[in-house]
Enquirer: 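Have a look at the structure that comes next, please.
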Amino acid sequence: MPDAKQKPAQQQKSVEEQLAYLRKGAAEIIREDELKAKLEQSAKTGKPLRVYLGVDPTAPDIHLGHTVVIRKLKHFQDMGHTAIFLIGDFSAMIGDPTGQSETRPPLSREQVDANAKTYLDQVFKILDRDKTEVRYNSEWLGKLTSYEVIRLCGKYPLARMLEREDFRSRLESGRKWEELRRGISGLVKPGRQHGSEPPESDRKLDALRRGISGLAKPQSIAIHELLYPLLTALDAVQLQSDVELGATEQKFNLLVHREIQREYGLAPQVAFTMPILVGLDGVKKMSKSLGNYIGISEPPNEMFGKLMSISDELMWSYYELLTDFEERVIVRLKEEVRTGVLHPMDAKMQLAHTIIASFHGEAAANAARDEFQRVFRNRQAPSEIEEIHLKLQGNVISVERKTGPNLRKGTITGPLTNIQKWSSLLHGFAFVSSAAEAERLMKQGGFDVNDEGVRDPSAKLDLSHSATYTVRVGKKKFLRIIVE
RNA sequence: GGACGGGUGGGUGAGUGGCUAAAACCAGCAGACUGUAAAUCUGCCGCUCCUUGCGGGCUACGGAGGUUCGAAUCCUCCCCCGUCCA
């Protein structure tokens, strides 16, 4: 048998097997029969498919939501096909209007470059670095002449472009908003009398107002946003791709790409979409700006805690989209939970462990699991807590803050004595956003010193003699304070 | 170019001269219950000071001025946004 490394994996798997593997978790494959034909062709000629994923480096960190589609790219890579990771460094400067309720501020060149770099480091936690083709679309888009841009625009009708949901709803909401507003000003507004039942017209008014508040505020569309799908279509042309991956929200873009490829005399690519990962809140899509995300570079303990906090229902889509468990295994787990054989919490722990292991390794995942049990099941303080060393020196308190390998130093100044209020100290460490916030926590029982609740917001810490305090602030923040 | 309408706290949005640190809803936070889940219930939710009190001070309703004992609310100018007509 020849060396396995020489032999592409696809030759070892039948087209049917490949399809089954690739299909897992997919939202839509347009069109599946074309994909099958391409796979067959590839198997026959031994020429791997060119599969690409384009990403705009709009934010420096990638989170689990981004990994769904990157993992699918890896699946193609596993099957021996060519994975192309395209960095939309040029298109990012336009900004994808997809899912945007307003025009985004364009990114600067510097931001894009910086983001692209950190992006790649993280991407290769999933993809095989040696087998991945990395491209930047500024390479060709940056060289376009305005003549070429105009020619490109000539290949796609405006009406089609405006069909897309993002644009349509932005235009539509403006119109509706105006209509309702007219309705409101049409009603006379009588002075409302206190204590009396609101008159009929007032109720109408309220109903209209509620109607308005349900609508998104109208947002303008800038012309350059129309260009986004067209320009990125040139990526597909340039790369001569067979398959393009994207989240479901990218469907429109992917379809435009397909058509433009045809216009340029190429065989249209398969548009392969993946579902959007729901964030920790269980409702909205995972995104950094909503704060409901798990970054893939986050420390294992952090990831574990966040994963455990997702709802039981959500767990299953995470299993589907973030692990390599086979479909039938997931179905069985689900069944076991349903029948009570398996506790949902244990299923979730396994999920968390699996995901963390894929980014940080088995050992780190084990450690994170043990730590989780320790802190939350047994309600003990974490084994490693942030330490803050305090020293009163004359008029200032020097603060040394040890966070893992990082060491921060600072001082708290002001009218100082040996006796300091906890609330202002906590604020001084930037542990809470304001002293008022700290006082609030204390009043509500969210503050312990050495396992004893401290409720008095004016409670103080004596700095005159050395001591060590273990402090809990809120549900999950712990701190060790060492007075020197 | 013309005619309308709008800009209030993290978001939506009420509020047309004092009773408004500003309703309501959402988000967020804490507590209870738990499986750090969900759901539910309770409380909190600008900053700051202290003697932590239905306490004092400061800042806040696009921006700048003005009227007034008093302005998110009235006036002037400016900036921004939307709709319709051309």
Side-chain angles (χ1 to χ4, degrees), chain A residues 101-103 170-186 189 191-192 194 198 202 205-206 208-222 278-284 289-292 301-316 318 337 340 342-349 351-352 368-369 371-380 382 414-415 417 419-424 427-428 431-448 453-460 472-478:
Chain A
S101 53
E102 55 193 281
T103 309
R170 278 160 78 179
L171 289 172
E172 195 59 27
S173 72
R175 232 170 260 139
K176 280 227 181 96
W177 195 79
E178 181 65 16
E179 225 170 80
L180 276 173
R181 197 192 52 68
R182 293 221 165 135
I184 287 176
S185 41
K189 193 185 162 195
R192 192 179 276 189
H194 287 284
D202 252 25
L205 202 63
D206 283 346
L208 281 169
R209 285 208 170 110
R210 269 196 299 279
I212 266 201
S213 55
L215 281 178
K217 268 221 175 128
Q219 290 293 341
S220 66
I221 300 169
V278 174
L280 300 176
D281 57 4
V283 183
K284 301 193 188 108
S289 54
L290 293 172
N292 60 355
N301 288 348
E302 195 76 12
M303 285 177 100
F304 208 101
K306 284 187 177 180
L307 282 167
M308 289 306 288
S309 80
I310 65 173
S311 71
D312 291 356
E313 308 89 81
L314 189 57
M315 156 167 81
W316 301 114
Y318 278 39
V337 166
L342 180 65
H343 194 292
M345 189 188 62
D346 291 322
K348 213 183 285 175
M349 300 236 336
L351 171 74
R369 187 190 51 211
E371 180 71 5
F372 177 83
Q373 303 238 17
R374 186 188 142 76
V375 176
F376 296 107
R377 273 197 169 172
N378 308 334
R379 292 175 189 274
Q380 293 167 356
T417 56
I419 313 280
Q420 281 297 307
K421 276 167 88 168
W422 277 110
S423 56
S424 57
H427 180 221
F431 212 60
V432 293
S433 60
S434 70
E437 169 90 25
E439 292 198 6
R440 238 173 266 136
L441 280 167
M442 295 172 85
K443 281 182 187 159
Q444 295 180 127
F447 181 67
D448 291 355
V454 176
R455 297 261 176 147
D456 176 11
S458 62
K460 295 176 186 68
R472 177 187 67 91
V473 186
K475 244 190 269 193
K476 40 196 158 185
K477 291 182 185 170
F478 290 87

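Throughout, protein chains are lettered first and strands after them, A, B, ... in sequence-line order, and every chain is numbered starting at 1. Quick caveat: nothing in here was measured; it's all calculated off a predicted structure. These values consider heavy atoms only, across backbone and side chains, with no hydrogens, waters or symmetry-generated copies.
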Enquirer: Among A:K460, A:E439, A:H427, A:M442, which one satisfies side chain to side chain contact (heavy atoms under 4.5 Å, CB included) with A:W422?
Expert: A:M442
Enquirer: Rounded to the nearest Å, what distance is computed from the CG atom of residue A:L441 to the C1' atom of nucleotide B:C29?
Expert: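 The answer, rounded to whole Å, is 7 Å.
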Enquirer: Which atoms form the tightest heavy-atom contact between A:Q420 and A:S424, and what is the distance?
Expert: OE1-OG, 4.0 Å
Enquirer: List, with names and distances, any nitrogen or oxygen atoms from the protein found under 3.5 Å away from nitrogen or oxygen atoms belonging to nucleotides 9-11 of chain B.
Expert:
none

Enquirer: Rounded to the nearest angstrom, tell me the gap between atom CD in A:Q373 and atom P in B:G35.
Expert: 13 Å
Enquirer: Starting at the 5' end of RNA chain B and moving along, which residue's nearest nucleotide shows up first, A:V473 or A:D312?
Expert: A:V473
Enquirer: Rounded to whole angstrom, note down the C1' distance from B:C77 over to B:U67.
Expert: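 To the nearest whole Å, 15 Å.
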Enquirer: Find the distance A:L280:CG to B:A38:C1' and express it as a whole number of Å.
Expert: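 Interatomic distance, CG of A:L280 to C1' of B:A38: 14 Å.
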Enquirer: Tell me the interatomic distance from A:M349, atom CE, to B:G35, atom C1', rounded to whole angstroms.
Expert: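 From A:M349 CE to B:G35 C1': 10 Å.
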Enquirer: Return the nucleotide paired to B:G53: Watson-Crick means purine N1 to pyrimidine N3 with N6-O4 or O6-N4, wobble means G-U with N1-O2 and O6-N3, both under 3.5 Å.
Expert: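 Here B:G53 is engaged in a pair, and the nucleotide opposite it is B:C50.
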Enquirer: Quick check: closest heavy atoms across A:Y318 and A:L351, and the distance to 0.1 Å?
Expert: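 Of all heavy-atom pairs spanning A:Y318 and A:L351, the closest is CB-CD2, 3.8 Å.
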Enquirer: Start at the 5' end of RNA chain B and walk down; is the nucleotide closest to A:E313 or to A:G474 reached first?
Expert: A:G474
Enquirer: Nearest of B:A30, B:U36, B:G35 to any side-chain atom of A:M308?
Expert: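 Of B:A30, B:U36, B:G35, B:U36 is nearest to the side chain of A:M308.
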Enquirer: Is a donor-acceptor contact shorter than 3.5 angstrom present between the side chain of A:D346 and the base of B:G35?
Expert: no
Enquirer: For residues 307-315 of chain A, please give each side-chain donor-acceptor pair under 3.5 Å, one per line with the distance, not counting sequence neighbours.
Expert:
from, atom 1, to, atom 2, distance (Å)
A:S309, OG, A:K306, O, 2.8
A:S311, OG, A:L314, N, 3.4
A:D312, OD1, A:K348, NZ, 3.0

Enquirer: Expressed as a whole number of Å, how far does the C1' atom of B:U36 sit from that of B:G10?
Expert: 24 Å
Enquirer: Between A:L351 (CG) and B:A37 (P), how many Å, whole number?
Expert: 16 Å
Enquirer: Determine which nucleotide pairs with B:U12, using a 3.5 Å limit on both distances of a Watson-Crick or G-U wobble pair.
Expert: B:A24
Enquirer: Please determine, for B:U42, whether a Watson-Crick or G-U wobble partner exists with both distances under 3.5 Å, and give it or none.
Expert: B:A30
Enquirer: Which pair of non-hydrogen atoms, one from A:V432 and one from A:A438, has the smallest distance, and what is that distance?
Expert: CG2-CB, 3.8 Å
Enquirer: For B:A32 versus B:C49, give the span between their C1' atoms, rounded off to a whole number of Å.
Expert: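 Comparing C1' positions in B:A32 and B:C49 gives a spacing of 33 Å.
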Enquirer: Give the nucleotide from the list B:A37, B:G35, B:U36 with an atom nearest to the side chain of A:H343.
Expert: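 Closest nucleotide to the A:H343 side chain: B:G35.
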Enquirer: So what does A:G305 touch, heavy atoms closer than 4.0 Å: a base, only the sugar-phosphate, or nothing?
Expert: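 Counting heavy atoms under 4.0 Å across all strands, the contact made by A:G305 includes a base.
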Enquirer: Taking the P atom of each, how far is B:A72 from B:A21, in whole Å?
Expert: 10 Å
Enquirer: So which heavy atom on A:A347 is nearest to which on A:L342, and how close?
Expert: CB-CD2, 3.8 Å
Enquirer: Assign A:R472 to base, sugar-phosphate, or nothing according to its heavy-atom contacts below 4.0 angstrom with the strands shown.
Expert: sugar-phosphate
Enquirer: If we take the C1' atom in both B:C69 and B:G62, what is their distance in whole Å?
Expert: 28 Å
Enquirer: Under 3.5 Å for both donor-acceptor distances, Watson-Crick or wobble: does B:C4 have a partner, and if so which one?
Expert: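 Its partner is B:G82.
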Enquirer: What interatomic distance, in whole Å, is found between P of B:A22 and the corresponding atom of B:G9?
Expert: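 Each nucleotide's P atom is 15 Å from the other's.
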Enquirer: Would you find a donor on one side and an acceptor on the other, under 3.5 Å apart, between the side chain of A:R455 and the backbone of A:P457?
Expert: no
Enquirer: Mind checking who B:C69 pairs with, Watson-Crick or G-U wobble, both distances under 3.5 Å?
Expert: B:G18
Enquirer: Rounded to the nearest 0.5 Å, what's the gap from NZ on A:K443 to OG on A:S423? Could you check?
Expert: 10.0 Å
Enquirer: How close do A:F304 and A:M349 get, heavy atom to heavy atom, and via which atoms?
Expert: CZ-O, 4.0 Å
Enquirer: Which whole number of Å gives the distance between the C1' atom of B:A60 and that of B:U8?
Expert: 10 Å
Enquirer: Whole angstrom is fine here: how far is it from CZ in A:R369 over to C1' in B:U36?
Expert: 18 Å
Enquirer: For the pair made of CE in A:M442 and C1' in B:G31, what is the distance, rounded to whole Å?
Expert: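 Rounded to the whole Å, the gap is 16 Å.
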Enquirer: With the sugar-phosphate defined as primed atoms, P, OP1 and OP2, and the base as all remaining atoms, what B/S/- string results for nucleotides 42-55 of chain B, 5' to 3', for protein heavy atoms under 4.0 Å?
Expert: -BSS-SS-B-B---
Enquirer: Pick the P atom in B:C61 and in B:U73, then give their distance to the nearest Å.
Expert: 9 Å
